[in-house]
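Structure, as structure tokens:
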Amino acid sequence: MTDPTSPEPTSGGPSSRDGAGPRVPTDSLGNPITVPDSADITVVTAADGSRWELVCGLEVHAELATATKMFSGAPNHFGDEPNTNIDPVTLGLPGTLPVINEKAVELAIRFGCAVGGPESVRRSVFSRKNYFYPDMPKNFQISQYDQPIVVDGNLELASGHVVGIERAHLEEDTGKSTHVGGAGRITGADHSLVDYNRAGVPLLEIVSRPHVRSTDQARQYVAELRSILVACAISDGKMEEGSMRVDANVSVRPEGSQEIRTRCEIKNLNSLRSLARAIEYEATRQADLHAAGERLVQETRHWDEAEGRTGTMRSKEEADDYRYFPEPDLVPVDPSPEWIAEIAALLPMLPAARRARLADIAGEDRTAESIVVIVDRGQDDQALSAMAWVTRLTTGGGDDAVVESASVDVVASEDAGAVAGPDPRIASGADAGAAWSVDQVTLDAASAAPGPARTRVLVHTAQNLAGDGGAALAPRRLAELVLLDSSGQLTATQAKQVLAVLVVDPSTNAAAVAQAKGFEAMDAGALELAVDAVIAANPTEWEQFRDGDPKVRGKLTGFFVGQVMKATKGQADGKSATALLTSRASG
Amino acid sequence: MSAVDAGGADTAVRIAAAVRAGERSAVDVLDAHLARIDTGEADVHAFNLVMVDAARAAAAAVDARVAAGEDPGSLAGVPIALKDNLCTRGVATTCSSKILEGWVPPYDAAVVERVWASGGVPVGKTNLDEFAMGSSTENSAFGPTRNPHDLTKVPGGSSGGSAAAVAAGFAALSLGSDTGGSIRQPAALCGVVGVKPTYGLVSRYGLIAFASSLDQIGPFATTVADAAVLLEAIAGHDPADATSIPRAVPRIVDHLDDGVDGLRVGVVTELMGDGINPDVRGRVREAADALAESGAKVEEVSVPAVMFGLSAYYLIAPAEASSNLARFDGVRYGLRIDAPTTNEMMVASRTAGFGDEVKRRIMLGTYALSAGYYDAFYGQAQKVRTLICRDFDAAYERFDVLLAPTSPTTAFDVGAIADPLAMYMNDVCTIPSNLAGHPAMSVPFGTGSDGLPVGVQVLAPALGEVAMFQTAAAVEAAALTVREARS
Amino acid sequence: MSARITRDDVVHVAKLARLELDDARIETFTAQLAAVLEHASDVGALDLAGVPPTSHPYPLVNVLRADEVGATLPSHEALAGAPQAESGRFRVPTILGEAP
């Protein structure tokens, strides 16, 4: 690269913006930028009606699962009293020096092996990124600039779309400031208080290529990345605790074109939902500017969740000049092939490979169907075994077919909704009256044509399965329950209740429990009566539903189905109820 | 000329031997030094802080250990002064800057720990050019230090206080830091021995950084043997410093008197040119001749890249310094000037807290690293560094050690040099060793025609301390002979 | 090398470095820095294509430490030097703008 001081890749910038000659935009390592096509592209419409495609890259910062900080032995621990997990190096006291945490390097290597194989791990050098901010003890951050530890990886999403990973590098986290007065926000605050507990925590910054073409892909990417990080014990990936942070680099281009235009970085995305909303908003904002012939400024913008918009960050009058130079207090890290191979050998099965295996077991064509198994760590064996049983029971493979087990770690249950899309059957959080929460997920393929029967996996996701409760639930029993549910003989709610019993009582089976509880599938006629009764009882909402756009309908579906469930004491089948509502609305 | 005499001050080797043998008490030794401080410090101003109580306590502790039949270590009872950019736990460490005035570190520098562990007695924190930036100690925020040989002259810098303390007999040994010559040049101007070790030989943990890839801590002493003892006590790998060399420390003391028979000595042509005072050049030639008489093979050698050393240094050192000094912002410690916003507070605190030379170098360094200029300035200078290393390596194919002046002149008047660039020229002979990471030391060798001390510089390749000290010992012996011949 | 350092450069760099210079200093520093850079232009004139930079004088690699908790600084000691502290944290005036 020619000028190591320019901190951001030269993508989406001058070459197309001011038409100054055919200079190919390059990423931070000097590679030309490419944007792949996709069957799933988010297209926004500008105010003038022109249509613009999304081009998006994601930057994820993951806090590493180490005992100590990146450059000193202070504890890496969340949630303690302020300024208690610090030492002189953390505070950057005069005279102190950094020393690299071996475990952090190991975890970065692990990540490289997971997304790009051993050859993606490189000799790397630490650099200083210089800027002033009170949560930065040294007023420079030790990071990696032109020689990162990992390059050229790939992440295969659940849908099969592949997003390239340009690089991943190690750096230290900053402290945290809280703002006093002004309702806790930085604007209008009277003063601020700084806690350095988080300062120095090891971060892995993972930068994707601009291969994300839709908001769905963005969410899938984050979910998939998180599942890898958790599976490989690299990070605990808790967005809500800040141990995984996502920034989005968004640009747009005229539909059908191959242009690469100016991009903006969006920060402050605290959930998958914010991510999708922010990308959508920003894409539209940019499209409007382009369509109006106005210049789009390359800048970092802040997502305002409450207002639902991105805004310019107020900090700087002049452009950031980070004045990167190699960190003189640290020497290069050049992992030996032996060390890398050792780490690669210990990788668990990764999600894409796991999906392929699940597809094999379930006999599904994996390009036509995406199955995401939502479990917490430790219950994956069960899920896979249950799937195997489902297959055997449905195809008559017999009891003595060998069940292989594999290690599976995936997305946390609370993210299931976001990943799966709106589905009124998903219940996250504890079921009222039940000791556990149960999620069931169906993820429809983008091409949701009539095809192979969808397989649902009913999975127990609360803590108890990891303990004694889990051991009591034999995969075969789970599989039997799944079949009762997927064949419609039990409703989702009923299945949950049966599951609660099965987990504590190994002597029984799903059919017996269902009978004992008096569960019967509600017949179609009874369901129609229930739905019509609810429609009649809520005329205002029905009118809104009938006349409303998809967004309005989506919201009201939840309301109506909820009412139906209440009326039938949970015996109605949600999906069937929804189908009835839709047909009533159009009829 | 008015001077402060160190007459009667004993060497560290003799003090430690006597104290360990129970022949002298550490407390008595300390008192003798404190008495000299009482008499001369007002004139010399070597110290920012004299640690009377801590010193007395340390000396008493040493005596107690001797009385208990223990061996306190190689520096037993030796009064040692510490440059005030070395962190001392519980004792103010200021870098002679207003921005750190009164700052008390919660930890000891690694070298400080090792000095205490060897039985050393802390006498005080010595004055320096602010943040070690300077060649005269005139940039101190707390007033200059004076050269004990002539109080109208500078002691050199930036470790002027440490050099003067030893020259005036206030301490038997002292520690300084050397980034571009800040130990060797004041050693030469004050007529004492000053050593910059191989980069990485001595831990930098606890040295308040100026330029991280150049800084090294080293000893001042009145004799080469004393300097060797102190260096061995502080050298060695430290896991808290990632640039510290993980190899055994060279056995310097053991080989000190091996002599120079057959040693190949190269006198560096580029550093003996017209930019060097003729008296200084004369002394260097005499030292070279003396070495030849002792059996060394002495020739001239050209190390062409050293001519670019000054330029490269004044791009690299300020660049690293601009980053190292960014932490001084009034948020966590040090001077804070209040203001309505944090940014204004940082600006006000730094503006009030840093002196002009520090500001200049921060500006220079920031500029050299800034967007669009990195390649031309910092990047280019790091390449020049490679050239210097290569030229030195070539020289060391044919020679074991090199000889050169330490300082282009003898001590100049306080206030004589106002132009920063002119002041930077003082480092032309010393800078190349910092850029290469090689050891170098200054040995007193006679005086100029003005009667002021001259230092001869011995240079060696990385981890070449043994040969360097052997040569220095021979030069020292020759200097004594020359002095006796003249008196 | 590049064009001579100007007054505007000096003002810009001072801002980057969080220093405030009065007019007199801006004038003097501009001249002094220009002189130093002029002197250092001999370095800029060298053709060093193909010469690698030296960042570390002694060639070490892979200096790492084990992931084990070491001694921490008690928070009261950490805050002891703080110009202003509140609720166990370092207190600073209003911060304008988000972190970059």
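Letters A, B, ... are given to chains in the order of the sequence lines, protein chains preceding strands, and every chain is numbered from 1. Because the structure is predicted, anything quoted here is derived from the model rather than measured.
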Closest non-hydrogen atom pair between C/Phe29 and B/Lys359, with its separation: CE2-CB, 3.8 Å

Interface residue of largest heavy-atom contact number with chain B, from C/Leu73, C/Val63, C/Val13, C/Val10, under 4.5 Å: C/Val13

Nearest non-hydrogen partners of B/Gly334 and C/Pro83, listed with the distance: O-CG, 3.7 Å

Interface moiety of B/Ser244 toward chain C, non-hydrogen atoms closer than 4.5 Å: backbone

Atom of C/Val43, atom of B/Ala312 and distance for their closest heavy-atom approach: CG2-N, 3.9 Å

Chain C contact via B/Leu463 - which portion, at a heavy-atom distance below 4.5 Å: side chain

Side chain, backbone, both or neither of B/Ala339 within contact of chain C (heavy atoms, under 4.5 Å): backbone

Chain C contact via B/Leu335 - side chain, backbone, both or neither, heavy atoms under 4.5 Å: neither

Region of B/Arg361 in contact with chain C, defined by heavy-atom distances below 4.5 Å: neither

Between C/Gln84, C/His56, C/Arg91, C/Arg65, the one whose heavy-atom pairs under 4.5 Å with chain B are most numerous: C/Gln84

B/Ala326 versus chain C, the contacting section by heavy-atom distance below 4.5 Å: neither

Between B/Thr198, B/Val347, B/Val104, the one whose heavy-atom pairs under 4.5 Å with chain C are most numerous: B/Val347

Proximal component of B/Phe354, with respect to chain C [non-hydrogen, under 4.5 Å]: side chain

Interatomic distance, B/Thr342 atom OG1 to C/Arg18 atom CZ [nearest 0.5 angstrom]: 11.0 Å

Worked verdict on C/Val51 versus B/Arg385 for side chain to side chain contact (heavy atoms under 4.5 Å, CB included): CA-CA 10 Å; C/Val51 177; B/Arg385 229 175 147 164; over 6 Å; no

Distance, nearest 0.5 Å, that separates CG of C/Leu46 from OG of B/Ser311: 9.0 Å

Side chains of C/Gln32 and B/Asp419, donor plus acceptor under 3.5 Å: no

For B/Thr366 against C/Ala17, the heavy-atom pair lying closest together: OG1-CB, 3.9 Å

Intermediate values then yes/no, side chain to side chain contact (heavy atoms under 4.5 Å, CB included), C/Ile95 and B/Thr341: CA-CA 6 Å; C/Ile95 305 170; B/Thr341 69; over 6 Å; no

Segment of C/Thr28 engaging chain B (4.5 angstrom heavy-atom cut-off): neither

Residue pair C/Val36 / B/Leu315, side-chain heavy-atom distance below 4.5 Å: no

Best-contacting candidate, B/Ser349, B/Gly365, B/Pro340, against chain C by heavy atom pairs under 4.5 angstrom: B/Pro340

B/Asp356/C/Arg25 salt bridge by N-O under 4.0 Å criterion: yes

Step-by-step side chain to side chain contact (heavy atoms under 4.5 Å, CB included) determination, B/Arg247 to C/Tyr58: CA-CA 12 Å; B/Arg247 287 177 57 175; C/Tyr58 195 87; 3.4 Å; yes

Point-to-point distance, once rounded to the nearest 0.5 Å, from CG of C/Leu79 to OH of B/Tyr333: 13.5 Å

Side-chain donor-acceptor contact under 3.5 Å, B/Thr386 with C/Thr54: yes

Interface moiety of C/Glu20 toward chain B, non-hydrogen atoms closer than 4.5 Å: both

Chain C contact via B/Tyr424 - which portion, at a heavy-atom distance below 4.5 Å: side chain

Atom pair CD (B/Glu320) and OG (C/Ser55), whose distance is rounded to the nearest 0.5 Å: 8.5 Å

Region of B/Pro239 that comes under 4.5 Å of a non-hydrogen atom in chain C: neither

Residue part contacting chain B, namely of C/Leu64, when any heavy atom lies under 4.5 Å: neither

For the student: nearest non-hydrogen atoms of B/Gly437 and C/Pro57, plus distance: CA-CB, 3.6 Å

Heavy-atom proximity to chain C below 4.5 Å, by part of B/Met345: side chain

Partner chain C: residue of B/Ile316, B/Ile362, B/Val331 with the largest heavy-atom pair count (under 4.5 Å): B/Val331

OH on B/Tyr367 to CG on C/Leu33, rounded to 0.5 Å: 9.0 Å

Distance, nearest 0.5 Å, that separates CZ of B/Arg360 from CG of C/Leu19: 12.5 Å

Segment of C/Leu21 engaging chain B (4.5 angstrom heavy-atom cut-off): side chain

Contacting region of B/Ser213 [heavy-atom separation from chain C under 4.5 Å]: both

